[in-house]
Amino acid sequence: MSSNETDLRDEKPQFVLPLVVRIERDAPPSRTDALETAARAVLEILSDDRSLGEGEWAQAIADWQDARIRKVVRRARGAEWRRAGALPGITVGGTEAEVRVFPPVPLDSWPKDLARLQVSGTDLDDPAGPGPVPEGAAVLWLNPELDMSAGKAMAQAGHGAQLLWWAMPDADRKAWREAGFPLAVRTATAEDWSELTASGLPVVRDAGFTEIAPGSCTVVSEGGTRFAPQLRLPRA
C-alpha cells in the first residue's frame, strides 16, 4: 500500500473493534485457544447478518473498515464479564476460552463498561502445547521472531483471519462459515516464515501503535485444504 493511501486512511475517522477475553483467576484459558477463539470471533461479526446490508451494525463495520483496521483486546472476569455480556455483541467459545466481540466504536468513545476493562494482564501460556493442526483447517502463522503479549497476538490473529476472509471468493466464505470457521494459530519455524512471507498469501503488517515496530509482519494466513488461498509447505 502506498504512503498516499496510508495517509488517506489516517485522515478518516478512526474506529476500533473491541474484543473482550474472559480470564478468571482460577481458570485462565490456554494462549492458543484464546488466539483461535478471538480470530473466529472476528469472522463471526464480519459474517453476521447485522453487519451486512442494512443490518444494525453495518454502518459501524463500514466506517471501521474505511480507516485503519484496529482491534483492541481487553480482559474481564466475574461481574465485569457479565456487564460486558449485556452489551450488543457476539460471544464465541473455544475449548476453554470465551471471547466477546462488539461492533466497532469510535477510537476515543468506548462504552463505559468496556472502557474500564484492562488491556494489560492478558499473559497466557500453553501448558500442554498447541497440538497438531486439525485437518482442513486454515492456519494463521505467527512470526517466530516477535514477542507479543497474548492480547496483542489475539488482535493480530483477528487481523489475519480478516485478511483471509477478504481474500476468499463468496463460495469459499460460505463453506468456511458453514463449517464453523475451522482454523488454527501456530508459530511458524524461521525457515517456513521466510517462505510464507514471500508466498503471496495474505500478510498482516502492524501499524506499530503498541508493542512492536511499525511495518512488522505478524501473521501470514494460509487457507485450509477446503478453503483458498493456500500454500503447501513441508511441515516438521
Side-chain angles (χ1 to χ4, degrees), residues 1-21 31-32 34-36 38-39 41-43 45-46 60-75 99 101-102 104-110 114-115 117-124 138-167 183 185-222 229 231:
M1 179 170 292
S2 73
S3 58
N4 286 338
E5 290 174 315
T6 301
D7 291 343
L8 289 175
R9 288 190 306 159
D10 289 337
E11 291 172 2
K12 296 177 183 294
Q14 299 295 305
F15 291 79
V16 62
L17 187 79
L19 296 114
V20 175
V21 56
R31 180 184 175 98
T32 295
L35 268 59
E36 293 173 348
V42 171
L43 295 166
I45 199 167
L46 288 174
I61 292 285
D63 290 342
W64 168 61
Q65 294 184 132
D66 202 30
R68 287 191 179 272
I69 310 299
R70 300 190 188 207
K71 300 176 181 72
V72 172
V73 177
R74 297 177 183 249
R75 62 180 173 86
V99 174
V101 59
F102 304 85
V105 298
L107 185 62
D108 57 356
S109 184
W110 284 59
L114 299 183
L117 300 176
Q118 297 295 312
V119 176
S120 61
T122 53
D123 293 327
L124 303 170
V139 187
L140 308 176
W141 295 105
L142 299 176
N143 186 336
E145 299 177 355
L146 294 178
D147 183 16
M148 295 184 285
S149 68
K152 178 71 172 180
M154 288 171 69
Q156 298 304 303
H159 294 333
Q162 187 167 359
L163 291 186
L164 187 58
W165 179 253
W166 284 349
L183 60 82
V185 178
R186 297 292 186 272
T187 300
T189 65
E191 182 179 0
D192 281 349
W193 182 251
S194 178
E195 186 174 351
L196 283 163
T197 54
S199 66
L201 292 171
V203 180
V204 178
R205 291 179 173 83
D206 192 65
F209 295 121
T210 60
E211 295 193 25
I212 58 179
S216 298
C217 296
T218 58
V219 178
V220 175
S221 306
E222 182 180 3
L231 175 71

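Residue numbers start at 1 and run along the sequence shown. Excluded from the calculations below are hydrogen atoms, water molecules and symmetry mates; all remaining heavy atoms, backbone and side chain alike, are included.
- Contact detail for Ala39 and Leu140: the closest heavy-atom pair is CB-CD1, 3.7 Å.
- Of all heavy-atom pairs between Val185 and Glu36, the closest is N-OE2, 3.0 Å.
- Here the side chains of Val99 and Met154 are in contact, with some heavy-atom distance below 4.5 Å.
- Of all heavy-atom pairs between Pro104 and Pro18, the closest is CA-CD, 4.2 Å.
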Full working for side-chain contact (heavy atoms from CB on, under 4.5 Å) between Val16 and Trp110: CA-CA 9 Å; Val16 62; Trp110 284 59; 3.6 Å; yes
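- Residues Leu183 and Leu164 are not in side-chain contact: their nearest non-hydrogen atoms beyond the backbone lie 4.5 Å or more apart.
- A 4.5 Å side-chain heavy-atom check between Val219 and His159 finds every atom pair outside the cut-off.
- Judged by distance alone, with hydrogens and angles left aside, the side-chain atoms of Thr187 form no donor-acceptor pair with the main-chain N or O of Pro144 at under 3.5 Å.
- Here the closest non-hydrogen pair linking Leu201 and Ser221 is CB-O, 3.6 Å.
- In this structure, OG1 on Thr218 lies 12.5 Å from CD on Glu145, to the nearest 0.5 angstrom.
- Taking both residues in full, the closest heavy atoms of Met148 and Leu142 are given as CE-CD2, 4.5 Å, listed atom of the first, atom of the second, then distance.
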Verdict with supporting geometry, Glu195 and Val220, side-chain contact (heavy atoms from CB on, under 4.5 Å): CA-CA 10 Å; Glu195 186 174 351; Val220 175; over 6 Å; no
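- Trp64 places no side-chain N or O within 3.5 Å of a backbone atom of Ile69 that could act as its donor or acceptor partner.
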Step-by-step side-chain contact (heavy atoms from CB on, under 4.5 Å) determination, Ser216 to Leu146: CA-CA 9 Å; Ser216 298; Leu146 294 178; 4.3 Å; yes
Stepwise side-chain contact (heavy atoms from CB on, under 4.5 Å) test for Asp192 and Trp141: CA-CA 9 Å; Asp192 281 349; Trp141 295 105; 5.7 Å; no
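- Between Gln162 atom CD and Leu17 atom CG the span is 7.5 Å, to the nearest 0.5 Å.
- Panel note: side chain Arg74, backbone Ala115; a donor-acceptor pair is recorded below 3.5 Å.
- Note: Phe15 CZ to Asp63 CG = 4.5 Å, rounded to the nearest 0.5 Å.
- Contact annotation: the side chain of Arg186 approaches that of Thr32 to within less than 4.5 Å [non-hydrogen atoms, C-beta and beyond].
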